[in-house]
Amino acid sequence: MKIGILGATGAVGQKFIRLLQNHPWFEIAALGASERSAGKKYKDAANWVEDVELPAYVADMTVNPCDPKAMEHVDFVFSGLDSSVATEIEGAFARAGIPVISNAKNYRQDPTVPLLVPEVNPDHIELIKTQTFTDDGSGWIVTNPNCVAVPLSLALKPIYDAFGIEAMIVTTMQAISGAGYPGVPSLDILGNVVPYISGEEDKIAPETQKLLGKLTDSGIETPDYPVQATCTRVPTLNGHMAAVTVKLTNKPASIEAVREAVQGFNNPIADLDLPFAPKQVIKLHDEERFPQPRLHADHENGMQLHMGRLREAEVFDISFVCMAHNTIRGAAGGAILNAELLVKKGYLQ
Ligand code: NAP
């Protein structure tokens with residue numbers, strides 16, 4: 001399939017280009033960015049920061065403006081657009097009959113738009129049928145969650161299904177790459193921790209709740225557990241970690257029972273043979289010093305969710321840490337997996 005990338009010059013756009021090299025189903029056929037970049041060769045428009053060579057066939061492609069007319073020949077687009085422009089541009093592509101698979105936050109809470117993690121809520125793609133961008137249903141939008149809501153939702157899913165969630169306290173330790181490029185000033189982050197990431201804490205409750213929500217005839221029915229979130233930026237490169245304490249609904253639940261629920265997680269896409277799906281989606285570490293971003297974020301091509309430190313909590317019921325690669329599982333790789341699921345389910349053809 002021929003695909004386009006909106007926001008191709010940015011940090012997420014570059015990750016798409018890197019990850020889509022040699023993809024068995026998807027071929028990059030168009031690149032879109034702002035008027036600053038449009039008309040230039042990609043190699044001149046983008047400040048390539050990936051640690052592999054810029055693929056030669058992409059280097060010489062001319063960057064388009066993010067206008068559906070300029071990208072009519074693609075089957076669908078991935079979006080890594082800045083949120084200041086994503087509402088307008090993604091909406092224009094959907095209205096032009098070009099499906100959009102987006103990383104931006106703009107449409108995540110639209111009740112007709114799936115917020116999708118294939119192993120957590122694959123059935124939510126049915127929401128696409130309720131979208132009204134085009135009369136014939138050819139244009140639609142699917143989003144993936146914020147980069148820290150991805151590991152949280154994957155870790156919470158087996159626990160929520162088995163025991164329910166009453167309340168949650170989360171402290172995140174988020175890698176520098178999550179801020180894009182050039183990102184956080186070096187003098188702020190070297191040898192330091194910044195105890196606030198603008199806009200991040202407010203996304204955790206609504207995004208994990210929508211992901212864990214149940215699809216009904218009238219939309220997604222969401223749980224409404226309260227969340228106390230503190231999001232911090234730490235000087236790691238890749239891999240967002242979260243320390244989580246959960247109050248369960250169905251009690252008592254022994255740690256062994258929680259462990260069994262996590263290890264016995266029934267991955268709903270396990271049999272679909274999707275190229276970007278990790279073989280083992282949740283890796284539960286027993287070693288108390290694991291998981292660590294530097295050691296584990298790249299496992300299974302950056303698509304695996306790592307959990308560890310699972311234990312009884314002094315406050316609430318259980319505590320654990322979870323971690324996943326933020327720009328792969330939490331952004332471009334997650335969007336590619338979403339597209340693969342949509343192909344397999346017949347929404348993209
Ligand atoms: P970024 O590096 O700042 O890139 C932004 C992209 O948007 C660039 O390609 C830029 O093109 C383009 N753009 C800006 N203004 C535009 C306009 N008026 N018209 C068309 N294109 C325009 O940002 P990023 O870190 O890649 O993040 C991209 C999106 O993904 C954001 O919505 C972000 O919240 C989300 N996200 C990021 C991460 C992450 O880990 N970084 C994770 C999950 C989600 P020019 O180069 O031409 O300006």
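As a basis for the values below, the full set of heavy atoms in this structure was taken, side chains included, without hydrogen atoms, waters or symmetry mates. Remember, it's 1-based here, ligands and their atoms both numbered in the order they're listed.
- Under 3.5 Å, the side chains of His299 and Gln280 contain no donor-acceptor pair of N or O atoms.
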*For Glu200 and Lys203, what are the C-alpha separation, side-chain angles and deciding distance, and is it a salt bridge (Lys or Arg N to Asp or Glu O under 4.0 Å)?*
CA-CA 6 Å; Glu200 206 78 346; Lys203 293 178 193 151; 3.6 Å; yes

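- Closest of all the heavy-atom pairs between Pro291 and His296 is CA-ND1, 3.5 Å.
- Ion pairing between a basic and an acidic side chain is recognised when a charged N comes within 4.0 Å of a carboxylate O; Asp271 and Lys344 show no such pairing.
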Put together the list of close N/O pairs, under 3.5 Å, between ligand 1 and the protein, could you?
residue  : atom   : partner : partner atom : Å
ligand 1 : 2 (O)  : Ala11   : N            : 2.9
ligand 1 : 7 (O)  : Asp82   : N            : 3.4
ligand 1 : 9 (O)  : Gly7    : O            : 3.2
ligand 1 : 9 (O)  : Thr9    : N            : 3.4
ligand 1 : 9 (O)  : Thr9    : OG1          : 2.6
ligand 1 : 9 (O)  : Gly10   : N            : 3.1
ligand 1 : 11 (O) : Thr9    : OG1          : 3.2
ligand 1 : 21 (N) : Ser34   : N            : 3.3
ligand 1 : 26 (O) : Ala11   : N            : 3.0
ligand 1 : 26 (O) : Val12   : N            : 2.8
ligand 1 : 32 (O) : Leu81   : O            : 2.8
ligand 1 : 41 (N) : Gly178  : O            : 3.4
ligand 1 : 46 (O) : Thr9    : OG1          : 2.6
ligand 1 : 47 (O) : Ser34   : N            : 3.1
ligand 1 : 47 (O) : Ser34   : OG           : 2.6
ligand 1 : 47 (O) : Ser37   : OG           : 2.4
ligand 1 : 48 (O) : Ser34   : OG           : 3.4
ligand 1 : 48 (O) : Arg36   : NE           : 3.2
ligand 1 : 48 (O) : Arg36   : NH2          : 2.7

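- By the neighbour-count criterion of 12 heavy atoms within 6.0 Å, atom CG of Asn250 is densely surrounded, having more than that number from other residues, nucleotides or ligands.
- The aromatic rings of Trp25 and His23 lie perpendicular to each other, with more than 60° between the two planes, well past the 30° mark.
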